[in-house]
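The structure appears right after this line, and notes come after that.
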Amino acid sequence: ACSVYRSQMKAHRFFVHEHPKSCESWKVPVMQALLADPRVIKVELDMCAFGLTIADPDGTGGLAKKPTMLITNSQSVKDVMAQKCLGDHDHLHLDKGQRIAKAAIYSERFCEELCRAMAAERQKRMDMTDRAIASCRKEIDMYQELNEDAQDCTQDQSPPPVSPARNQDSDNCTEDP
């Protein structure tokens, strides 16, 4: 996965990687190297802020905090997704078993917000590209105008008279017998 993320960044595209904050995968050397890249942004969030609920077999349930970390190279993803628990509700503990399995399913709100963030990033990058293209076009137009002005100036002036040049080498030439 890390090599794919590096390829994305090299091609000026963005990526998002999600795992629970407590996962050991964050400590793997290739992940640590990726996290050290200054283009990579760490985003900490709590899934309860996105409405992650779990239910027990008896039908009772509630919000699950599930501290999570994203890494991305998208400021828009960070801006939208960095939502932490406000502490105004209780959480069900994610003990082993069905609760953990149910907490592995993204909430609808999490999916919607992530899609919104990615769409915002895409739009921002398209806008930047459009501005860069417009800037380049403006510079090209300016250089074309300067070139046309320079051509107009040279066409208005008569060229200096050309005197016939004498080929000095022709005096030393001999014809083959």
Side-chain angles (χ1 to χ4, degrees), residues 1-140:
C2 291
S3 63
V4 172
Y5 302 151
R6 289 191 184 284
S7 296
Q8 287 291 93
M9 290 189 293
K10 186 177 181 181
H12 304 285
R13 293 186 297 257
F14 63 96
F15 72 92
V16 179
H17 175 88
E18 175 275 337
H19 254 63
K21 189 176 173 186
S22 62
C23 278
E24 292 295 314
S25 61
W26 294 115
K27 298 176 185 172
V28 175
V30 292
M31 182 58 74
Q32 286 293 306
L34 184 65
L35 288 166
D37 188 312
R39 299 170 293 178
V40 175
I41 304 166
K42 287 172 41 174
V43 182
E44 293 186 13
L45 59 100
D46 294 322
M47 286 294 195
C48 64
F50 295 95
L52 177 65
T53 57
I54 51 175
D56 288 328
D58 65 4
T60 61
L63 291 168
K65 186 172 184 179
K66 192 180 177 187
T68 301
M69 191 161 77
L70 304 177
I71 58 170
T72 184
N73 60 334
S74 163
Q75 185 63 44
S76 298
V77 169
K78 179 187 178 207
D79 293 345
V80 171
M81 302 305 291
Q83 297 184 36
K84 301 288 275 179
C85 179
L86 298 175
D88 58 355
H89 54 264
D90 292 328
H91 300 112
L92 290 179
H93 293 285
L94 297 178
D95 49 9
K96 295 182 180 179
Q98 287 186 334
R99 282 186 178 177
I100 286 183
K102 290 179 181 179
I105 300 169
Y106 296 127
S107 69
E108 188 173 329
R109 181 164 168 239
F110 177 85
C111 296
E112 289 170 353
E113 293 294 311
L114 184 57
C115 287
R116 186 171 68 83
M118 291 189 299
E121 183 68 27
R122 182 175 182 271
Q123 186 63 50
K124 182 171 79 173
R125 290 177 184 224
M126 287 175 52
D127 290 348
M128 287 171 47
T129 301
D130 290 346
R131 285 193 303 272
I133 290 169
S135 177
C136 286
R137 285 187 181 141
K138 188 175 180 180
E139 285 188 42
I140 289 169

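Predicted model, so just to flag it, every value in this text is computed and none were measured.
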Completion exercise
When every non-hydrogen atom of F14 is compared with those of E121, the smallest separation belongs to CD2-CG, 3.6 Å

Problem - Residue pairs passing the ring pair (Phe, Tyr, Trp, His ring centres under 6.0 Å) test where at least one lies in residues 66-90, sequence neighbours excluded - result: H89-H91

Fill in the blank from the handout: By salt bridge (charged side-chain N to carboxylate O under 4.0 Å, His left out), R109 pairs with (sequence neighbours left out) none

Problem - Which residues share a side chain to side chain donor-acceptor pair (under 3.5 Å) with S107, sequence neighbours left out - result: none

Exercise for the section: Please tell me if the side chains of L63 and D90 come closer than 4.5 Å, counting only heavy atoms from C-beta onward. Expected result: no

Exercise for the section: For the pair D37 and M9, evaluate side chain to side chain contact (heavy atoms under 4.5 Å, CB included) and give the outcome as yes or no after the intermediate values. Expected result: CA-CA 11 Å; D37 188 312; M9 290 189 293; 3.8 Å; yes

Problem - Member of Q123, R125, K124 meeting the side-chain hydrogen bond (donor to acceptor under 3.5 Å, both in side chains) criterion with D127 - result: Q123

Handout entry: side chain to side chain donor-acceptor pair (under 3.5 Å) involving H12 - partner list, sequence neighbours excluded
Key = none

Completion exercise
Taken in chain and number order and not counting sequence neighbours, the residues that satisfy side chain to side chain contact (heavy atoms under 4.5 Å, CB included) with S25 are H19, C23

Fill in the blank from the handout: Sorted by chain and residue number, the side chain to side chain contact (heavy atoms under 4.5 Å, CB included) partners of D79 (sequence neighbours excluded) come out as Q75

Completion exercise
Hits for side chain to side chain donor-acceptor pair (under 3.5 Å) against R13, two or more places apart or cross-chain, chain-then-number order -> Q8

Completion exercise
Sorted by chain and residue number, the side chain to side chain donor-acceptor pair (under 3.5 Å) partners of E18 (sequence neighbours excluded) come out as Y106

Problem - Nearest-0.5 Å distance that lies between atom SG in C2 and atom CD in Q32 - result: 10.0 Å

Taking distance alone, no hydrogens or angles, what donor-acceptor pairs closer than 3.5 Å link side-chain atoms of residues 41-51 to residues at least two apart or in another chain?
residue : atom : partner : partner atom : Å
E44     : OE1  : K21     : NZ           : 2.9
D46     : OD2  : C85     : N            : 2.9

Problem - Distance, nearest 0.5 Å, that separates CE of M81 from OG1 of T72 - result: 10.0 Å

Completion exercise
Residue set satisfying side chain to side chain contact (heavy atoms under 4.5 Å, CB included) with V80, at least two apart, ordered chain then number -> E113, R116, A117

Fill in the blank from the handout: For residues 22-36, the salt bridge (charged side-chain N to carboxylate O under 4.0 Å, His left out) pairs (sequence neighbours left out) are E24-K27

Practice task
Could you grab the distance from atom OG1 of T68 to atom NZ of K84, nearest 0.5 Å is fine?
Solution key: 9.0 Å

Problem - Set of ring-ring contact (aromatic ring centres under 6.0 Å, His included) partners for Y5, sequence neighbours left out - result: F15, H17

